[in-house]
There are 2 protein chains.
Amino acid sequence: MEESSILEKLCLFGMTRQEANIYLCLYQCGELTGYEVAKQTGISRSNVYSALSSLADRGAAYLAEGSTSKYIAVPIEEFCNNKIRQLNTEKEFLLKNIPTIKSQEIGYLTITGYKNIKDKVINMLREARLRVYLSASASFIQELEEELLETLARKNKLVLITDQVLKNDVLRSESVCYIGEEKGNSVRLIIDSSYALTGELLGKKEDTCLYTGQENFIRIFKDALRNEMRLIELTKGEK
Amino acid sequence: MEESSILEKLCLFGMTRQEANIYLCLYQCGELTGYEVAKQTGISRSNVYSALSSLADRGAAYLAEGSTSKYIAVPIEEFCNNKIRQLNTEKEFLLKNIPTIKSQEIGYLTITGYKNIKDKVINMLREARLRVYLSASASFIQELEEELLETLARKNKLVLITDQVLKNDVLRSESVCYIGEEKGNSVRLIIDSSYALTGELLGKKEDTCLYTGQENFIRIFKDALRNEMRLIELTKGEK
DNA sequence: ATTTAGTAGTTCTTTATAGGAACACTATAA
DNA sequence: TTATAGTGTTCCTATAAAGAACTACTAAAT
């Protein structure tokens, strides 16, 4: 349902489910008393009152003072921006104050969960300073469109090996693009000949991939990609 | 303590306290097995194992696969950025999909909590398109330095009424700045002659302020500020 | 007297934390 | 070689804290 997915998103910003419900109710109805909110949402009044004051504490609702106190929802953009700004501040603090990491070679790491893998891919792309080889289905590359454009904007060489002609013009013209056979769900990525990632992505929590900075592995991995490109050149021709 | 404040910040990014502890431990020690983490932190082993897999799910730890599985902390910047990027995505979704707000006049709203009030001030400054009048202690203005500079950068007229000469050169030269008597904790703000905020800020959760878009109030409020400025001009002279 | 507004308190459920028990594996000392 | 200690992991129970549901009570406004 539309409704419940909105509620989930709101929860990500730190509300409980009940608070999210009440926030949404305020959002739709405007100024309401606790009593009215309870009527609208079916949530017991006692909880409504405590949730309302908690929403006010979190900066998600304002109090419209009068003879009787009514609450009003803080505009969603304002609320989200506040939260995000806060996290940025906390991030800066953490960067300064966290005890230094014991630097260590990156061996072979397993990353689990589709979202985390995609995050890693994005972070790798952002680290790229020279060249990026990416082999993946066209649909996955489409998902990364923005990031890839930024990678290009930072003057990286970008080589894409995929299974369908890409929709994006800039991507098509500014990257070297090989169109080969069906990629399925496999993703392979090499950054600056220093880091590599490979895995089968189904979009699920159970997805796993291998990430490494080991030279030997990367050398072999690069050869494999290079061969794939040659093969495509020989059979269908470079796109 | 340093330690515990770092833990709290990490919790803001969605970890439980225990997970934060373990994350920090991984951060300091590098690659560790669950067993080792338990030894280091004193957390029971069973909980360590579940917390570790939960950290991996959240994208805060990677698995360094080997004969025995070791975990390694995801660099803090990477982790924070992922979270913030996610929230930005969720924000966009919410902006598009949330049922439209019932537009209503802004009456008199009470905002509670120092942090929320400061957030509102920041949001008001960002909305400004013409002019900003701000009366507050020099220390509070210092806290808002960045935001005020951006307000100026957007070609707004900025009038500051405060109690000490400001440190920031740009702020001093590009805004109209009145130095009067001790401001204490009172803050007054008018944006584009349309919105006003006033309150006493002690930096606590109990702080409250009044925010309004009511014309009558703003007119009176503006007069009050104007008088204050005249008074300063007559006694000490404009700075 | 009934609707509205608000507070207080109880119960139930879920999540977070704490710890024990069991099991498998690997060193190494007797 | 086998007993013993140490390591790595999973599963299961117990307690504590947070969230949610619901009931009861007060008090003003209609």
Side-chain angles (χ1 to χ4, degrees), chain A residues 3-4 7-26 29-58 60-72 107-110 112 206 208, chain B residues 3-4 7-26 29-58 60-72 107 110 112:
Chain A
E3 275 288 292
S4 82
L7 294 181
E8 272 165 40
K9 311 276 179 194
L10 288 172
C11 290
L12 289 175
F13 283 85
M15 298 185 190
T16 69
R17 226 186 160 77
Q18 204 164 113
E19 283 166 359
N21 253 307
I22 292 174
Y23 176 82
L24 206 54
C25 170
L26 285 178
C29 307
E31 221 174 83
L32 294 177
T33 65
Y35 188 86
E36 290 165 327
V37 170
K39 225 176 8 183
Q40 290 272 333
T41 59
I43 296 171
S44 74
R45 273 177 305 142
S46 48
N47 287 338
V48 166
Y49 286 113
S50 60
L52 280 173
S53 86
S54 153
L55 280 175
D57 288 346
R58 296 192 203 278
Y62 296 140
L63 192 57
E65 206 94 58
S67 67
T68 157
S69 54
K70 299 190 162 202
Y71 286 85
I72 183 171
Y108 297 93
L109 299 183
T110 305
T112 55
E206 295 77 31
T208 66
Chain B
E3 275 290 291
S4 82
L7 294 182
E8 273 165 39
K9 311 276 179 194
L10 287 173
C11 290
L12 291 174
F13 283 86
M15 299 185 191
T16 70
R17 218 171 171 87
Q18 204 165 121
E19 283 166 358
N21 253 307
I22 292 174
Y23 176 82
L24 207 54
C25 170
L26 285 179
C29 305
E31 220 174 85
L32 294 178
T33 66
Y35 187 87
E36 290 166 327
V37 170
K39 225 175 11 183
Q40 291 271 333
T41 58
I43 298 170
S44 76
R45 277 174 300 156
S46 46
N47 286 337
V48 166
Y49 285 109
S50 61
L52 279 173
S53 88
S54 151
L55 280 174
D57 288 348
R58 296 191 203 280
Y62 295 140
L63 192 56
E65 205 96 58
S67 66
T68 156
S69 53
K70 300 190 160 203
Y71 286 85
I72 182 171
T110 304
T112 55

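Residue numbers begin at 1 in each chain, while the letters A, B, ... track the order of the sequences.
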**OP:** With DNA chain D as reference, determine whether Tyr49(B) or Ile43(A) sits nearer its 5' end, using the nearest nucleotide of each.
**Re:** Tyr49(B)
Are the side chains of [Y] and [X] in contact, using a 4.5 Å heavy-atom criterion?
X: Met15(A); Y: Leu24(A); value: no
X: Tyr35(A); Y: Tyr49(A); value: yes
X: Lys70(A); Y: Thr33(A); value: yes
X: Tyr71(A); Y: Leu63(A); value: yes

Subject >> side-chain contact (heavy atoms from CB on, under 4.5 Å) partner of Gln18(B), chosen from Asn47(B), Leu7(B), Thr41(B) >> reply: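 Filter result, single survivor: Asn47(B).
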Spacing of [X] atom [atom1] relative to [N] atom [atom2], expressed in whole Å:
X: Asn47(A); N: dC12(C); atom1: CG; atom2: C1'; result: 12 Å
X: Gln40(A); N: dA5(C); atom1: CD; atom2: P; result: 13 Å
X: Glu31(A); N: dT4(C); atom1: CD; atom2: P; result: 17 Å
X: Tyr35(B); N: dG19(C); atom1: OH; atom2: P; result: 16 Å
X: Arg45(B); N: dG20(C); atom1: CZ; atom2: P; result: 10 Å

Subject >> Shortest non-hydrogen separation from Ile72(A) to Leu26(A) and the atoms involved >> reply: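 Here Ile72(A) and Leu26(A) meet closest at C-CD1, 4.2 Å.
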Subject >> Any Ser46(A) side-chain nitrogen or oxygen under 4.0 Å from OP1 or OP2 of dA8(C) >> reply: no
**OP:** Rounded to the nearest 0.5 Å, what's the gap from OG1 on Thr16(B) to CZ on Arg58(B)? Could you check?
**Re:**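 So the OG1 of Thr16(B) and the CZ of Arg58(B) are separated by 6.5 Å.
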**OP:** Report the distance from atom CD1 of Ile22(B) to atom CD of Gln40(B), rounding to the nearest 0.5 Å.
**Re:**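 Here the interatomic distance stands at 11.5 Å.
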**OP:** Please list residues of residues 11-20 of chain B whose heavy atoms come under 4.0 Å from any atom in DNA chain D, ordered by number; otherwise none.
**Re:** none
**OP:** Could you tell me whether the side chain of Ser54(B) and the main chain of Ser50(B) form a donor-acceptor pair under 3.5 Å?
**Re:**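 The answer is no, because no donor-acceptor pair under 3.5 Å joins these two groups.
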**OP:** Could you check whether Ser44(A) gets within reach of a base, just the sugar-phosphate, or nothing at all, counting any heavy atom under 4.0 Å?
**Re:**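 Base contact - Ser44(A) has a heavy atom under 4.0 Å of at least one base atom.
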Subject >> Segment of DNA chain D, first to last nucleotide, that comes within the 4.0 Å heavy-atom reach of chain B >> reply: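 Going 5' to 3' along DNA chain D, contacts run dT7(D) to dC11(D).
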